[in-house]
Amino acid sequence: MFHFQSFEDDCTLEEEGLVEEEDEIDQFNDDTFGAGAIDDDWQEEHARLAELDEQVRDGVHGAGDASSVDLPLAGGNAHSSALPQPSSSSRLYPDTDERGGGDLAESLTRLILGSDPAIAGVGTARSDRSHLPPMLSGQAPQPSALAGQSSLLLSYQQQQQLMRRGPAPLPQINSHSIWENSMGFSPVSSGLVTQKEDKTLMSIIKEVGLPNRPPALSREEGRDLSERVPPPRSSSPVIGSPPVRAVPIGTPPKQPMSQVHNHQNNHPSAIHVRASVPLRYPPPFPERLSPNNLLSIANSPLSHPPFPAGVGPVLSQIQRAQLLNSQIGQFPRGPAPPLLQGGVGGFRPFFGPSGPRMGPHGPPLGHAPIRHNTTHLHPQHRRMLNQRMQNRGLGDHVGGRGVGDRRNRDPYSNLMTQREKEWVARIQMMQLQSTDPYLDDYYYQNYYEKMEKRQERDRDNRKEHTTKLITPQVAKLEHTYRPVQFAGSLGKLTVSSVNNPRKMIDAVVTTSSNDEEKREKQVWNKRRQILYTVEKMYSLLLEVQDFEKKFLQTPEHQRDALLEQHKTHTLQLYNSLREKEWDDRVSDEQCLMIMSVRKGKRLISRLLPFLPQPQAAAVVMGIARNLPALAKKDKQDQVLCWLVEPVTVVVQSMSSTSLTDLLQELQGSEGQLPLVLQNKFGVTLLYLILSEGERMQSSDPNCQLMDDNRWTELVFSVTRELLKVPSSALSSPLFTPPNLVSLFSRYVDRQRLELLQEKLQITALSR
Amino acid sequence: LGHARIFTFFSFKHCVLWVIVKLKEKHLVLLRDGRTLIGILRSIDQFANLVLHQTVERIHVGKKFGDIPRGIFLVRGENVVLLGEVDLDKECDQILQRVSIEEILEEQRTEQQAKQESERLKLQAVKERGLSIPKADTLDDF
C-alpha cells in the first residue's frame with residue numbers, strides 16, 4: 001500500500017524545513033517528496049487507496065486524527081514521498097473492515113503501521129518483517145490492481161497474525177493521532193516494519209512528532225528498541241548544514257536480516273515487492289555528506305565482503321591515508337568532508353579479530369564500534385583495550401540476559417541510534433588525527449618507542465617480531481572555506497549556522513596616498529633600513545663573539561677552518577662600516593647611519609673589541625670625527641657612553657701618531673671642540689686622549705708624541721678652549737684620568753693651571 | 001600530555017559508546033558550577049551536550065548526601081567537567097549516608113555560611129595587615 005523504504009538521503013525535508021505542517025507542503029517542490037519523487041502517479045495511488053481507506057475507516061471509529069497522518073504516497077520507486085497530506089488522512093486507515101470485526105485488532109495495527117510511513121519505516125527488525133513492507137508500501141510502480149493490493153493486504157494480514165501483539169495497546173490507538181506524542185502508538189510503532197534505516201521516514205517523524213516508546217512490549221530476545229523512531233530532532237534549517245541522517249545508505253542494518261544480507265540498502269521490502277526497488281545509493285558526489293554517509297560509502301566496499309577472521313587491517317597505514325585523501329579529494333570541500341577525513345581514516349574497520357562480527361549482521365552491541373578506531377593505537381595498547389572490552393562484554397552478557405527484560409521495557413534507551421553514537425564518536429576521534437604525532441602526542445610516542453626498544457633488547461635473541469607503533473599521519477590539508485553563494489544573488493547568506501559561518505567583515509587594506517604620510521613613510525623606511533643593516537651586522541657579531549666558545553669545542557683539525565671563518569666575519573663587519581673598499585677610512589655616512597640608532601651604538605661598542613687595531617682605530621677616528629653629529633642624535637638616548645669602555649681600550653693601544661690624529665679629528669673644524677665639550681662622551685674621550693698622551697710622554701721621554709708639534713699645538717688649543725668655555729657648557733666626564741694635571745702642567749702656566757683645575761674639578765689629589 | 005590525550009580520547013569514545021550502549025546505566029555528571037547530576041544518559045553529541053533522563057541532583061555535604069529529583073536535563077557541553085558511569089553495585093555499599101532533601105539543603109546552607117564567615121575573617125585579617133587579596137574570577141570557581 002504504501003512504501004516507505006526509500007526514504008533515502010535525498011529527502012531533504014529537514015534541511016529545507018519545508019515540512020512544518022502537513023498543510024504547508026510545498027507541492028511544487030519535487031524535493032518535498034524526495035528528489036525526483038514521482039515515477040508514479042500518486043494520485044492514482046491515492047484514489048485506489050482511498051477506497052481502501054474508507055472501508056477501513058468505517059470499521060474503525062475515529063481511529064486517529066485524520067489530519068495528522070503522514071502517508072507516503074509515491075509509487076514504488078525508491079523516492080517515496082513521505083509527506084503527509086491533509087487530504088490523505090483518509091488513507092490512514094487501511095481497510096480492515098473487509099476482514100471483519102474479528103480482525104479488528106490486526107487491522108488496526110496494520111492500519112496504523114501500514115499507513116503511517118513514519119512508523120512503518122521504523123520498528124524492530126523481525127524475521128517476518130520482510131514480508132510486511134510489501135504490503136505497506138504501495139511499492140508497485142505500476143498502478144496495481146486493487147486485487148493485487150488486496151492480496152498484499154491479505155498476506156499482510158497473515159503476517160499480522162504472526163506478530164505478537166497484545167491487543168491491549170490498540171484501543172489507545174483509536175483515540176490518538178499517531179502524530180501526537182502519546183503512548184498510544186508505541187506498541188504500534190514498535191512493531192512492524194523494517195528499520196530505521198529508513199531515513200526519510202524518520203525525518204518526517206522528526207518533523208512532526210513522535211509517539212512515545214511502548215512501555216511494554218513482548219518481544220523476542222532482548223532486542224533493543226533502537227529501531228524506535230526517535231523524537232524529532234531539530235537540525236539547522238540552513239542550507240549547507242549537513243543533513244541529519246539517522247541511518248546512512250549503505251550501512252548494514254542493526255539486526256540480522258538474512259534475506260537482505262546482500263543489499264547494502266536494507267529494505268526488506270525491496271525483496272518482496274514485485275516491482276523491485278532499485279538499490280538506492282547516494283548520488284556520486286553529493287555536496288554534503290554526513291560522516292556516516294561518506295564513511296559508509298567508503299567502507300562499504302570493505303565491509304560487505306565477509307572477511308575471514310584474522311585478516312589484518314586491509315590497508316597499510318600509508319595506503320589508508322592515501323585512500324583517505326583521495327576519497328576526500330573527490331568530494332567537494334565543505335564542512336562535511338573534513339569531518340569525514342578523520343572518520344574514514346580512523347575508522348577503517350579493523351577486520352582482525354572482529355571480522356565475522358563486522359558483517360552486516362550487526363555487531364553485538366558495544367563491540368563493533370570500538371573496533372573502528374584502533375588504528376591509531378599501538379598494537380599492545382590495542383590488545384590491552386580489547387581485553388578490557390572483552391572482560392566487560394562478558395560481564396555484560398551475563399548480566400545482560402538477566403536485565404534483558406528490563407532493557408526492553410526502558411522506552412528511552414535508544415534515543416540515540418547506533419549510527420548517531422558512532423557519528424559522535426567519529427568526530428571525537430577525528431580530532432585525534434594529527435599531522436605531526438611527535439608534536440601532538442609526544443609522550444605516547446616516546447613511551448611506546450621506549451617500550452619497543454626494551455622489547456628489542458630483551459628479545460634480541462629471538463626473532464620475534466616486535467610490535468611497532470605506526471601512527472598514521474594525516475597530511476595537512478588546507479581548507480579554505482567558501483560559504484555558499486548563490487549566483488545572481490546580492491550579497492551573502494543571511495543565516496549562518498555552525499556549518500556555514502558568515503563572513504561578517506570584508507577587510508581590505510588600503511594605502512592612503514597623502515603627501516605628509518609619504519614623507520613620514522620615507523622617514524620610517526630609512527629608519528627601517530638602518531635597523532635592518534644593524535640587525536645583519538649583529539648576527540655577524542654574534543658569530544664572532546661566539547667564536548671562542550666554538551673554537552674550544554671544535555676538534556683540532558677543524559679549528560683552522562673556524563679561525564678563517566672568524567676572520568672573514570670580522571672583516572665583513574668592518575667592511576660594512578666602510579664605504580669604499582679601498583679606503584681605510586670609516587665611511588662617515590655609514591657610521592653616522594648606524595650610530596644614529598641606539599642599537600647601532602651598542603653594536604659598535606661590542607664590535608670594537610673584536611676588530612684588529614688599525615681597524616678599530618679607524619672606527620674610533622670616525623666616531624671622533626663625527627662626534628658633534630652623533631652627540632646631537634644621541635641627545636635623546638644618551639647612550640654614547642656605552643662606547644667609553646671599548647674606546648678606552650682602543651685609545652690606550654693607539655700609537656702616538658694615531659693618537660695625535662685622533663685628537664685632531666676630535667677637534668676637527670672650528671667650533672667642533674666646544675660641541676664636543678658639551679657632550680659627556682666627548683669630554684671623556686678628550687680626557688682619554690690627553691691622558692694617554694700624557695702617559696706616553698711621562699713613561700717614555702723619547703716618545704714620538706713630541707716629534708712634531710702637532711700634539712703640543714693640539715693640546716694648547718684644547719686648553720685654550722677649556723679655559724674659554726663657560727662651565728655650564730662643559731659637561732662632566734665619566735671619569736677624570738688622574739694624570740691630567742701633570743699634562744696641563746706641562747703646557748700651561750701656573751695660573752691657568754689653577755683655573756683649569758678649578759674648572760675641571762681636577763685636583764692634585766686625583767693624581 | 002599527548003599520551004594522556006590519546007588515552008582519554010580513546011577511552012572517551014570507548015566510554016561514550018559504552019555509556020550509551022549500556023542501557024539503564026546511571027551516569028554521573030559533574031558540572032562546572034560544582035553541581036553533581038546523576039541520571040541516565042540518553043544522548044550525547046560532539047560538543048558533549050548531554051541529555052539526562054530521570055536526573056537527580058545530588059548534594060554532598062560531608063558524609064551526607066541528598067537527592068533532588070529534577071527530571072530531564074539538557075546540559076550544554078561546555079559546562080560539563082566530567083561524565084562517568086555509576087557502578088550500581090558500588091553505589092549500594094557506599095559509606096555516604098543518604099538524608100532527606102531538606103536536611104541536606106540545610107547542611108549545605110550551614111556549610112556555605114561557615115565558609116563565607118571564614119573568608120570574611122581572612123579578608124579582614126589580611127586587610128589589617130595592609131595587604132589585599134585579588135578577587136577570584138567568579139565565573140570559574142571550579
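Keep in mind that the numbers below use all heavy atoms, side chains included, and drop hydrogens, waters and symmetry copies. Throughout, a chain's letter reflects where its sequence line sits, starting with A, and its residues are numbered from 1.
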Peer 1: Please find the pair of heavy atoms, one from B:I44 and one from A:V424, that lie closest to each other, and give the distance.
Peer 2: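 Shortest heavy-atom contact: O-CG2, 3.4 Å.
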Peer 1: For B:S100, give me all partners under side chain to side chain contact (heavy atoms under 4.5 Å, CB included), at least two apart in sequence or on another chain.
Peer 2: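 If we apply the side chain to side chain contact (heavy atoms under 4.5 Å, CB included) test to B:S100, skipping adjacent residues, the hits are B:E102, B:E103.
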Peer 1: Please give me the minimum heavy-atom distance between A:M416 and B:R42, naming the atom from each residue.
Peer 2: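 Shortest heavy-atom contact: CG-O, 3.5 Å.
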Peer 1: Measuring from atom CG of B:D45 to atom CD of A:Q428, what distance do you get when rounded to the nearest 0.5 angstrom?
Peer 2: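 The distance works out to 8.5 Å.
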